[in-house]
Asker: 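Below: one structure in structure tokens.
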Amino acid sequence: DAKTTQPPSMDCAEGRAANLPCNHSTISGNEYVYWYRQIHSQGPQYIIHGLKNNETNEMASLIITEDRKSSTLILPHATLRDTAVYYCIVRVAQGYSTLTFGKGTMLLVSP
Amino acid sequence: GAGVSQTPSNKVTEKGKYVELRCDPISGHTALYWYRQSLGQGPEFLIYFQGTGAADDSGLPNDRFFAVRPEGSVSTLKIQRTERGDSAVYLCASSLKGPSGGETDTQYFGPGTRLTVL
């Protein structure tokens, strides 16, 4: 699976949009981008995933660049409960592949 | 509905002792995974079960670590002769179909067991 690069930490004001970047320059055509987050003392939680089109669900939006070498997770109106470590993971969706977590981005949402 | 549960939530043991960590997956999920998370790091894959069989145990660090899932539901991670370096949070996850189940097969994680080896 391709490796990902994320900033170690980011800050965001409550109510503002949080934009979390992820670099995956070696991604292959059959690999998806997944985002999980881990709130303190909890297990990771699935957020969203995509292949090449932008995706949106009730939690977040995922914007993938046209060359697929990077993506951005957007939390449109961050709340204090969004403070967590966010992991960007690349994996093949067809055939066997486990989740390989990096160190993620620690997002701190402040009042 | 009930999510993935893990017991105990915390386990303190002495170096050299044997420990068992339990995972109850979401009902009906055929796939079960164990991960280990050290402080400041992301979770690290240990082993994956499809039904009762260990389909991939390539992440187990050595032969002191063993896991079972005898009836295809509850799983137990067993660690023999514990070492201080085994101290970590052990996470369990389950999914409906498994890693080969396509892009939408989501892993749901439990809260983890924090193991401390003194």
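Throughout, a chain's letter reflects where its sequence line sits, starting with A, and its residues are numbered from 1.
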Asker: With hydrophobic residues grouped by side-chain heavy-atom distances under 4.5 Å, do Y36(A) and L32(B) end up in a single group?
Answerer: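 Y36(A) does not cluster with L32(B).
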
Asker: Go through F109(B) and Q38(A) one step at a time and tell me if the side chain to side chain contact (heavy atoms under 4.5 Å, CB included) criterion holds.
Answerer: CA-CA 10 Å; F109(B) 285 80; Q38(A) 187 172 23; over 6 Å; no

Asker: For Y34(A), does the OH atom have more than 12 heavy-atom neighbours from other residues, nucleotides or ligands under 6.0 Å away?
Answerer: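 Yes, enclosed.
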
Asker: Distance check, rounded to the nearest 0.5 Å: D105(B) atom CG versus Y46(A) atom OH?
Answerer: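 It is 11.0 Å, given to the nearest 0.5 Å.
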
Asker: Supply the atom-to-atom distance Q45(A) CD to T106(B) OG1, rounded to the nearest 0.5 angstrom.
Answerer: 11.0 Å

Asker: Would a single hydrophobic cluster contain both M10(A) and V109(A), if residues Ile, Leu, Val, Met, Phe, Trp and Tyr are joined by side-chain heavy-atom contacts under 4.5 Å?
Answerer: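 Same cluster.
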
Asker: How close do L91(B) and G43(A) get, heavy atom to heavy atom, and via which atoms?
Answerer: CD2-CA, 4.0 Å

Asker: Against chain A, label Y35(B) side chain, backbone, both or neither, depending on which of its atoms sit under 4.5 Å from a heavy atom there.
Answerer: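 Y35(B) touches chain A through side-chain heavy atoms alone.
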
Asker: For atom CZ of R16(A), decide whether the heavy atoms of other residues, nucleotides or ligands shown that lie under 6.0 angstrom number more than 12.
Answerer: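 No.
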
Asker: Can you check side chain to side chain contact (heavy atoms under 4.5 Å, CB included) on L99(A) and Y33(B), steps first, answer last?
Answerer: CA-CA 10 Å; L99(A) 293 177; Y33(B) 315 76; over 6 Å; no

Asker: Answer yes or no: does atom CG of L80(A) have more than 12 heavy-atom neighbours from other residues, nucleotides or ligands under 6.0 Å?
Answerer: yes

Asker: So which part of Q37(B) gets closer than 4.5 Å to some heavy atom of chain A, the side chain, the backbone, both or neither?
Answerer: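 When you check distances to chain A, only side chain atoms of Q37(B) fall under 4.5 Å.
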
Asker: Verify the cluster assignment for L20(A) and I63(A): are they in a single hydrophobic cluster under the rule of side-chain heavy atoms below 4.5 Å apart?
Answerer: no

